[in-house]
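Only a predicted model underlies this, so the values are computations on that prediction, with no experimental measurement involved. All values below were derived from every heavy atom in this structure, side-chain atoms included, with hydrogens, water molecules and symmetry-related copies excluded.
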Amino acid sequence: MAIEVESKFQAASQETLRRLATIDRLGRARLGAATVGRDLDRYLDTADERLAAAGWACRLRTRDERTIVSLKGATPSIVGDRSGLHRRPEVEGPATADLEPTAWPASAALELLLALAGGQSLEERLRLDQRRTERDVLLDGERVAILSLDEVVVLDAAGRSVGRMLVVELEHTGDTDADEMAAVADALRADPELAPDPLTKLEHASQLIAASRATE
C-alpha cells in the first residue's frame with residue numbers, strides 16, 4: 001500500500017497563492033511552469049460513518065470528466081503533525097461520478113472501499129470545489145514533488161457553501177533523500193504568509209460544516 005507524504009500549509013491570502021505561482025525556486029529546488037485546473041472532490045461514507053470509524057476517508061475527485069477514487073487512512077502514528085507533515089496510506093483507482101461503487105472499474109481501491117462499507121450504501125457527506133494551481137518541484141532536473149496552490153470552496157451535503165480555504169501542499173512524488181525534501185519544505189515553513197497545518201482538508205471542512213449547523 002502506497003504512503004502519501006506531503007506538507008500542508010494554510011495561506012494568508014489569495015495574493016500569497018499568486019506569488020507562489022510565479023516564483024522560480026524553493027530553496028535549492030527549481031519550480032516548473034504553473035498549470036491550472038478545477039477539481040470537484042466529493043467525500044463519501046455510509047449513513048453510520050463506517051469508513052470514518054475505521055480511520056479512512058473516501059474521496060471521489062473529478063477533473064476534466066475523469067474521476068478517481070482515493071482512500072486515505074489516518075492512524076495516530078501517521079497523521080499530520082505541527083510541522084504540517086502528513087504521512088498516511090493511500091489507495092487509488094478509476095471510478096465514475098456514480099455513487100454506486102459496483103459500477104466502477106475493478107481496482108484495489110474498490111475492493112477496500114466495499115470491505116469498509118460492509119454492504120452499506122454510500123452517501124455524499126460534503127464537497128470541495130477547488131481551483132488548483134500545480135507546479136513541478138525539480139531537484140537536479142528530476143521531479144521530486146508537486147506544489148499545489150488551492151482555492152477551496154466547502155459545500156455541505158445540501159450543496160450550501162459554508163466557507164473557504166486557501167491551502168498549499170507539497171506532495172512528494174519520488175524517493176528523494178529525506179533531508180533534501182525537508183529543506184524544500186523548510187523553505188515554505190520560512191514563508192511568513194504560510195502556517196503549517198496539522199489538519200487535512202476534510203477535517204477543516206467538517207469543522208466548517210459543524211460551525212454552520214451550530215448557528216442554524
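Under the 4.5 Å side-chain criterion, counting only non-hydrogen atoms from C-beta, Val137 is in contact with Val184. The shortest side-chain heavy-atom distance between Leu194 and Gln10 does not fall under the 4.5 Å cut-off. The shortest side-chain heavy-atom distance between Val69 and Cys58 falls under the 4.5 Å cut-off. Counting heavy atoms from C-beta on, the side chains of Arg132 and Leu149 never come closer than 4.5 Å. Residues His172 and Glu6 have side chains not in contact (no heavy-atom distance under 4.5 Å, counting atoms from C-beta outward). With a 4.5 Å cut-off on side-chain heavy atoms, Asp150 and Lys201 count as touching.
A side-chain donor-acceptor contact under 3.5 Å links Asp41 and Gln130. When only modelled atom types and interatomic distance are considered, Thr96 and Asp98 share no side-chain donor-acceptor pair under 3.5 Å. A donor and an acceptor atom, one from each side chain of Thr62 and Thr67, are located under 3.5 Å apart. Using modelled atom types, one finds a donor on one side chain and an acceptor on the other under 3.5 Å when comparing His204 with Asp197. Between Ser70 and Glu92, the side chains place a donor N or O and an acceptor N or O closer than 3.5 Å (distance only, hydrogens not considered). Side chain to side chain, Ser13 and Glu15 fail the donor-acceptor criterion of an N or O pair below 3.5 Å. A donor and an acceptor atom, one from each side chain of Glu193 and Thr16, are located under 3.5 Å apart.
Judged by distance alone, the side chain of Asp45 and the main-chain N or O of Ala52 form a donor-acceptor pair under 3.5 Å. Although no hydrogens or angles enter the test, the distance criterion places no donor-acceptor pair under 3.5 Å between the side chain of Asp186 and the main chain of Arg189.
Leu60 is not connected to Leu155 by any chain of hydrophobic side-chain contacts under 4.5 Å among Ile, Leu, Val, Met, Phe, Trp and Tyr, and they are in different clusters. Note on Leu99: it clusters hydrophobically with Leu114, by side-chain heavy-atom contacts below 4.5 Å among ILVMFWY residues. Hydrophobic clustering, with ILVMFWY side chains joined whenever heavy atoms are under 4.5 angstrom apart, keeps Leu138 apart from Leu31. In this structure, Val144 is a member of the same hydrophobic cluster as Ile23, with clusters built from ILVMFWY side-chain heavy atoms closer than 4.5 Å.
Using a 4.0 Å cut-off between charged side-chain N and carboxylate O, Glu151 and Arg164 make no salt bridge. A salt bridge is defined here as a Lys NZ or Arg NE, NH1 or NH2 lying under 4.0 Å from an Asp or Glu carboxylate O, and Asp140 with Arg30 fails to meet this definition. Salt bridge Asp48/Arg50: present, at least one basic N to carboxylate O contact under 4.0 Å. Using a cutoff of 4.0 Å between basic side-chain nitrogens and carboxylate oxygens, Arg61 and Asp39 are scored as salt-bridged. Salt-bridge check for Arg63 with Glu134: passed, with a basic side-chain N closer than 4.0 Å to an acidic carboxylate O. A salt bridge links Glu123 with Arg125: at least one charged nitrogen is closer than 4.0 Å to a carboxylate oxygen. At a threshold of 4.0 Å, the pair Asp129-Arg38 counts as salt-bridged, since one of the basic side-chain nitrogens sits closer than that to a carboxylate oxygen.
Counting all heavy atoms, side chain and backbone alike, Leu199 lies closest to Glu203 at CA-OE1, 3.2 Å. Closest approach of Thr102 to Glu100, counting heavy atoms only: OG1-OE2, 2.7 Å.
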side-chain contact (heavy atoms from CB on, under 4.5 Å) between Leu170 and Val168, worked out: CA-CA 7 Å; Leu170 180 71; Val168 174; over 6 Å; no
Candidate pair Leu139 and Glu180, rule side-chain contact (heavy atoms from CB on, under 4.5 Å), full reasoning: CA-CA 9 Å; Leu139 282 171; Glu180 289 271 28; 4.1 Å; yes
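A distance of 9.5 Å separates CE in Met181 from CG in Leu85, rounded to the nearest 0.5 Å. Note: Ile68 CD1 to Ser107 OG = 10.5 Å, rounded to the nearest 0.5 Å. Distance check: Lys8 NZ to Glu169 CD gives 3.5 Å after rounding to the nearest 0.5 Å. Distance check: Glu124 CD to Asp156 CG gives 9.5 Å after rounding to the nearest 0.5 Å. The line from CH2 of Trp56 to CG of Leu51 is 9.5 Å long, rounded to the nearest 0.5 Å. Rounding to the nearest 0.5 Å places CD of Glu90 at 9.0 Å from CG of Leu71.
Hydrophobic clustering, defined by side-chain heavy atoms of Ile, Leu, Val, Met, Phe, Trp and Tyr closer than 4.5 Å, groups Leu128 together with Tyr43, Leu126, Val152, Val154, Val162, Met165, Val167, Leu202, Leu208, Ile209.
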